[in-house]
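Some notes on the structure that comes next.
Within every chain, numbering begins at 1; the chains are lettered A, B, ... in the order of the sequence lines, protein sequences first and strands thereafter. For clarity, every value in this text was computed on a predicted model and none was experimentally measured.
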Amino acid sequence: MSHAAIADKRPGSLRGARLPQWGPYAIAAGSVAAGLGISAGAGLHSSIQWALIAAVLYVLGTYGIAARVEGRRQAKDRVATSFVWVAFLLAVIPLASLVWATVKRGVKVLDGYFLTHSMGVVADSEPGGGIYHAILGSLEQVGLATLIGAPIGVLTAIYLVEYGRGRLAKAVTFFVDVMTGIPSIVAGLFILSIMLMLKMQPFGFAGSLALAILMMPVVVRSTEEMLKLVPNELREASLALGVPKWRTILKVVLPTSIGGITTGVMLAIARIAGETAPVLLLVFGNPFINSNPFEGAQASLPLYIYQQYSQSAGSTYAYDRAWAASLTLIAFVMILNLLARGIARWKAPKTGR
Amino acid sequence: MDISTKTHDAPPPPPQPRPAPAEQKRAARGATRPGDRIFLGLTRGSGILLLVIMAAIAVFLSYRASLAISKDNGNFLTTFEWVTAGLEPRFGIAVLAVGTVVSSIIAMAIAVPIAVAIALFLTHYAPRRLRGPIAYVIDLLAAVPSIVYGLWGALILVPHMNGLFGWLDDYLGWTGIFAWDEGAPRAMLTVGILLAIMILPIITNVSREVFRQVPQMHEEAALALGATRWEVVRMAVLPFGRSGVISASMLGLGRALGETMAVATVLSPDFDLHASLLNPGGGTFAQNIAAKFSEADEFGRDALIASGLVLFVITLLVNGAARLIIARRKEYSGANA
């Protein structure tokens, strides 16, 4: 049996002619070469330009060649395939560049000294200094926010899943959904308006309150999903043994879903740890170490990045510190994410029946 | 749950006719023990607390905003200025509203097609072995803090925009929209591109969830009729996922409208409207708040709160609309991501 016979477009064959396997690769290579050639000829320097030219050439070339060999429908299919691939590659470039830039520039000043010193006596345009005060502030603010936001979120989710009937539950569900979309700066302005009325100065806990508001809906949503996964038979078995409902929830439902709930809470923590806007309004930033979140301005990691960028008038030292702090923040968020997913996988068999 | 919490010491009695509805209801409530009552109170209380917070946000913002707007010497909706210090404050949100809408529209125009394509790539095109890891990476990218996107945008993306801007100016400059005066490319188009990159992972995630729920039967039916892969996507996958994609885009739009730090680091703002997307200028609600906050006095902060209230209302409308679309097609649980 020969493949050449199938590749021929001849009447009576069930399959039409196909481009060879290497066809798309050849077209891709050709269009990249043509894109580079055109850019060089026209004196274009930006890599964005030749990439765009190559992408357009690839899509057009695929359509033209496939339409000749395979017919219009197959050509459309190939164009769709190539568009999907091009879109994917287009999206990968900036995201890869983001990670690469942060890691490459971040490791320059990131060391033990950087993690254990503050900016207390270091001007923004000078080398040296560190992020100890910012890490401390971030941990305290996020920790307090979690202490407030996580229990309220979990309790609300329990209400919605285990008790929720009628108007109140519907209203809560709807507003939790809407609350998910509140811009972080609006949550900050809300706490700010209270602080203006009480004539208060910026302090760490105010930031925690705003972060807790941002955290609650996320926790409610994820916990709700997890509680819904708990099989009803477990609840019914417990209730049939005469266990009161509240003990059933505490001793049967929550332990069964605790892995998923922990995952949800950790993902929510990862999300609020990177919030800058409410911290900017409420905690204000402080180059010195302030370990008391209830009095005086504090620093925080995302805010530190912003201030190193915006207040340093282009000093490379400040930019280096901003990148290093970004790397620390990304590492923290990623570790939380990975841990959360690990817990979810580790605990999954219990709920996945 | 319709289950009585009473204990039975005796062996279960033979099946009896169902109790009257009223009796059944009383048994179902089951909140007779103190423990149950306290627990129900706690959980319901936190649910109510969430509603109270939402109401409080609206009330407090409106109150502080009214203090500022009542002393505004300009028109809050149409003034092209933001002067809050001194005896004659004049401020208006016209520029901010236009900037917010324009940057979000650019972001959506770029991000939605690409995000849908990536979601299709992950569900229908990518080699099976790659799907898991790629989806995982996109999940992680959704968690990158916005300030990091902002820093990257300001220090890496902005210098790279010069070439593209020059190109757009050469070939499309005559439209006016793409005219460029060779300034630093800290303009609305750059902001829109950066916002598109930021909301891409969210839209992709939600769309992917929706596309995964397309009934296998639909796709197999189309394939059995001889459809190519693109025809399967166009006739079976996209129609099924349309409302899911719309709501995913609305969620992304909500993010783009309220994004603060990425805009504040990239844009060089002013208080005027520009026809060109390539020249620096303009502003957005959130960016203006972050930029003006540190030097604002109490009245200035009230004025910023007033602009925040407008942003709050806009995002409420957008998110509410997205949720209503999802609610109409309940099976798309992907929006919970």
Side-chain angles (χ1 to χ4, degrees), chain A residues 45-46 48-49 73-74 76-77 80-81 83-84 87-88 90-91 94-95 97-98 101 152 155-156 158-159 163 171-172 175-179 181 183 185-186 189-190 193-194 196 213 216 221 225 236 239 242 244-246 270 274 276-277 280-281 302 305-306 309 322 326 329-330 333-334 337, chain B residues 3 5 7 30 33 35-36 39-40 42-44 46-47 49-51 53-54 57 60-61 64 114 117-118 120-121 125 140-141 143-145 147-148 151-152 154 156 160 163-164 167 197 200 228-230 254 258 260-261 265 286 289-290 293 298 301 305 308 311-312 315-316 319-320 323 336:
Chain A
H45 300 295
S46 167
I48 296 175
Q49 288 167 357
R73 282 179 56 222
Q74 259 66 25
K76 270 187 195 159
D77 182 45
T81 308
F83 174 72
V84 163
F88 171 69
L90 262 184
L95 297 174
S97 154
L98 174 90
I152 293 180
L155 283 173
T156 306
I158 291 176
Y159 172 72
Y163 295 100
V172 173
F175 277 104
V176 165
D177 280 344
V178 170
M179 212 171 162
I185 197 149
V186 170
L189 287 175
F190 165 55
S193 64
I194 297 176
L196 283 176
I213 292 177
M216 283 173 205
R221 288 257 61 131
E225 294 305 312
E236 285 161 6
L239 292 171
K245 188 161 185 175
W246 67 279
T276 318
L280 173 71
L281 301 188
I305 300 170
Y306 178 58
Y309 168 75
S326 298
L329 183 60
I330 286 190
V333 169
M334 292 294 157
N337 258 285
Chain B
I3 285 177
T5 56
T7 50
R33 305 174 208 223
D36 268 338
F39 197 71
L40 176 60
L42 260 180
T43 56
R44 186 188 282 161
S46 46
L49 181 65
L50 280 184
L51 296 183
I53 290 175
M54 281 300 288
I57 292 176
F60 276 80
L61 290 187
R64 296 305 298 196
I114 294 184
I118 297 176
L120 285 175
F121 178 78
Y125 284 92
L140 288 183
L141 285 169
V144 171
I147 180 67
V148 180
L151 187 68
W152 175 81
I156 310 266
H160 276 87
L164 180 69
W167 206 35
I197 294 170
L200 198 64
T228 60
R229 185 150 52 171
W230 165 240
T260 312
M261 298 334 280
T265 51
I289 295 169
F293 178 77
E298 185 169 336
R301 293 181 177 185
I305 288 174
L311 176 63
F312 177 61
T315 49
L316 275 194
N319 280 296
R323 298 300 171 178
N336 301 325

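- Closest approach of Ala80(A) and Tyr125(B) over heavy atoms only: CB-OH, 4.1 Å.
- Taking all atoms of both residues into account, the shortest heavy-atom contact from Ile152(A) to Thr156(A) is O-OG1, 2.7 Å.
- Taking the six-membered ring for Trp and thresholds of 30 and 60 degrees, Phe190(A) and Phe60(B) have ring planes more than 60 degrees apart, a perpendicular arrangement.
- For chain A, the nearby parts of Phe121(B) are the backbone and the side chain; heavy atoms of each come within less than 4.5 Å.
- Residue contact with chain A, scored on non-hydrogen atoms closer than 4.5 Å, involves the backbone and the side chain of Ile114(B) alike.
- Between Leu155(A) and Ser46(B), the shortest heavy-atom distance links the atoms CB-OG, 3.1 Å.
- With respect to chain A, the highest number of heavy-atom pairs below 4.5 Å among Leu51(B), Ile53(B), Leu311(B), Leu151(B) belongs to Leu151(B).
- With sequence neighbours left out, the side-chain hydrogen bond (donor to acceptor under 3.5 Å, both in side chains) criterion links Tyr309(A) to Arg186(B).
- Looking only at heavy-atom pairs under 4.5 Å with chain B, the residue among Ile213(A), Leu196(A), Leu329(A) that has the most is Leu196(A).
- Most heavy-atom pairs under 4.5 Å with chain B, from the set Ala277(A), Ser326(A), Pro94(A), Pro302(A): that is Pro94(A).
- Contacts between Thr228(B) and chain A at a heavy-atom distance below 4.5 Å involve backbone atoms as well as side-chain atoms.
- In this structure, the portions of Arg44(B) lying under 4.5 Å from any heavy atom of chain A include both its backbone and its side chain.
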Assess the residue pair Ile289(B) and Thr260(B) against the criterion (side-chain contact (heavy atoms from CB on, under 4.5 Å)); give the C-alpha distance rounded to whole Å, side-chain angles, the decisive distance to 0.1 Å, and a yes or no. CA-CA 8 Å; Ile289(B) 295 169; Thr260(B) 312; over 6 Å; no

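- The structure places CZ of Arg33(B) at 14.5 Å from CZ of Phe39(B), a figure rounded to the nearest 0.5 Å.
- Residue with the most contacts toward chain B among Ile330(A), Val178(A), Leu280(A), Leu281(A): Leu281(A) (heavy-atom pairs, distance under 4.5 Å).
- Going from atom CH2 of Trp246(A) over to atom OH of Tyr163(A) covers 10.0 Å, rounded to the nearest 0.5 Å.
- At a 4.5 Å heavy-atom cutoff, the contact between Leu49(B) and chain A is made by side-chain atoms alone.
- With respect to chain B, the highest number of heavy-atom pairs below 4.5 Å among Phe88(A), Phe175(A), Phe83(A) belongs to Phe88(A).
- The shortest heavy-atom contact between Ile118(B) and Ala91(A) is CD1-CB, 3.3 Å.
- For Met179(A), the parts lying near chain B are the backbone and the side chain together; criterion is any non-hydrogen pair under 4.5 Å.
- Under the side-chain hydrogen bond (donor to acceptor under 3.5 Å, both in side chains) criterion, Asp77(A) pairs with no residue, sequence neighbours left out.
- Contact tally against chain A (heavy-atom pairs below 4.5 Å) for Leu42(B), Leu200(B), Leu316(B), Leu141(B): the top residue is Leu141(B).
- Residue contact with chain B, scored on non-hydrogen atoms closer than 4.5 Å, involves the side chain of Val333(A) exclusively.
- Ranking Arg301(B), Glu298(B), Arg229(B), Met261(B) against chain A, the residue ahead of the rest is Met261(B), based on heavy-atom pairs under 4.5 Å.
- Using a 4.5 Å cut-off between heavy atoms, Thr265(B) touches chain A through backbone and side chain atoms alike.
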